[in-house]
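Letters A, B, ... mirror the listed sequences (proteins, then strands); counts begin at 1. Side-chain atoms are counted along with the backbone in the values below, which use heavy atoms only and exclude waters and symmetry mates. All of these numbers come straight from a predicted model, not from anything done at the bench.
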Protein chains: 2
Amino acid sequence: MDFSIGELSKATGVKVPTIRYYEKEGLIEAPIRTEGNQRRYQERDLDRLRFLKHCRDLGLPMEAIRELIDLSLHPDQPCSNANRIAADQLQAIRARIAHLKKLEKELARISASCTGEHPAADCNILKAFGDHDLCLSDHK
Amino acid sequence: MDFSIGELSKATGVKVPTIRYYEKEGLIEAPIRTEGNQRRYQERDLDRLRFLKHCRDLGLPMEAIRELIDLSLHPDQPCSNANRIAADQLQAIRARIAHLKKLEKELARISASCTGEHPAADCNILKAFGDHDLCLSDHK
DNA sequence: GTAATCCCTATAGCGGCTAGAGGTTCAAGA
DNA sequence: TCTTGAACCTCTAGCCGCTATAGGGATTAC
């Protein structure tokens, strides 16, 4: 019928202290309590937390999730904000991928520049780490 | 001959409070001071900070940078650690790219699933954020 | 000489948790 | 019914790598 925080944690993969943290942050509602002050959750809390976790797994910042939750609590409002949030996040992810690819290229070059068998004084890796001018691109 | 912290900052692109933070963390040496207690840096501090910044730009964690600095202070030691650090970082970057690509795929699908003109109750984006089962891959 | 700009220390805050201390409640077995 | 032991409670502090602010002192250009 209702879950303890530990059961909710197992069902969602969100750790117990994290659930309490989300509650403190207002991202999930404070559930009812037993006489002994322990939290007891309902089905809808499970849905909400699954939503939250999925959003976090997709990399959304908590502020964006807050907006999405607000929106789902007002089902008559237009969903243009949800659209914007998804598009923004997609763009942010693509920017990060582009940046990481530059780093990958530089690191591959640096990593291959020395076999690790020299004294440090002659190590090309140490030189490459020290000198951005040796880099092929401008990796920020 | 020597630089103030602001000049060092401009020369490297590292912000002033960050330079002081690096000093507190032992990543750069505490420089000499003027009679009025202001820091004055030398050429070698500039080199060190450039090294540090380049490593940070490449995504190395400070602990790894600490090891690299140690190594460059012992030029007779073998550089196998530098090799390992570069290889580890390369692997870490590649793992992050792989993960972000999964997110990109899911977000592109989610983002395209709704034009943003519906009431929230019917919004496919909200549904997709809520339900991982709709996802094509297992993005963590 | 004075005003503008730099510099100093110390502390707190960011995001998103996570770990620990020290104590209470619950549920299963004897 | 009693007892154990696991799970729960609150509160505080810590993680990384900075960044911002407050409240002052030093330096430099005019």
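Note: the hydrophobic cluster containing Ile93(A) also contains Met62(A) (ILVMFWY, side chain heavy atoms under 4.5 Å, direct or indirect links).
Residues passing the side-chain hydrogen bond (donor to acceptor under 3.5 Å, both in side chains) test with Gln89(A): none are found, sequence neighbours excluded.
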Checklist entry - Would Asn124(B) and His118(B) count as a side-chain hydrogen bond (donor to acceptor under 3.5 Å, both in side chains) if you check the C-alpha gap in whole Å, the side-chain angles of each, and the deciding distance to 0.1 Å? => result CA-CA 9 Å; Asn124(B) 281 326; His118(B) 304 286; 6.0 Å; no
Checklist entry - Does the pair Ile97(A) and Arg96(B) meet the rule for a side-chain contact (heavy atoms from CB on, under 4.5 Å), with working shown? => result CA-CA 8 Å; Ile97(A) 290 174; Arg96(B) 285 172 61 193; over 6 Å; no
Distance-only criterion, 3.5 Å: show the donor-acceptor pairs between side-chain atoms of residues 39-46 of chain B and protein atoms not counting sequence neighbours.
| unit_1 | atom_1 | unit_2 | atom_2 | d |
| --- | --- | --- | --- | --- |
| Arg39(B) | NE | Glu23(B) | OE1 | 2.8 |
| Asp45(B) | OD2 | Gln42(B) | N | 2.8 |

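Salt bridge present: Arg84(B) and Asp88(B) bring a charged side-chain N and a carboxylate O closer than 4.0 Å. The pair Lys101(A)-Glu106(A) does not count as a salt bridge, with every side-chain nitrogen at least 4.0 angstrom from each carboxylate oxygen. Comment: Asp57(A) engages Lys53(A) in a salt bridge, judged by a side-chain N to carboxylate O separation of less than 4.0 angstrom. Lys127(A) and Asp131(A) are not joined by a salt bridge, as no carboxylate oxygen comes within less than 4.0 angstrom of a charged side-chain nitrogen.
Checking side-chain atoms of Ser113(A) against main-chain N and O of Ile110(A) turns up a donor-acceptor pair under 3.5 Å.
With the end axes of the helix from dG1(C)-dC30(D) to dA30(C)-dT1(D) each set by five pairs, the angle from one to the other reads 10° at 10° resolution.
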Checklist entry - Nucleotide by nucleotide, 5' to 3', does protein get under 4.0 Å of the base (B), only the sugar-phosphate (S), or neither (-) in nucleotides 9-30 of chain D, counting heavy atoms? => result SB------BBS-----BSS---
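Contacts between residues 64-73 of chain A and DNA chain C, defined by a heavy-atom separation under 4.0 Å, are absent.
Atoms CZ and SG, from Arg109(B) and Cys135(B) in turn, are 4.5 Å apart once rounded to the nearest 0.5 Å.
In summary, contact between chain B and DNA chain C, defined as any nucleotide atom under 4.0 Å from a heavy atom of the protein, begins and ends at dC7(C) to dT9(C) in the 5' to 3' direction.
Two residues are said to be in side-chain contact when any heavy atoms from C-beta on lie closer than 4.5 Å; Cys114(A) and Cys79(B) meet this criterion.
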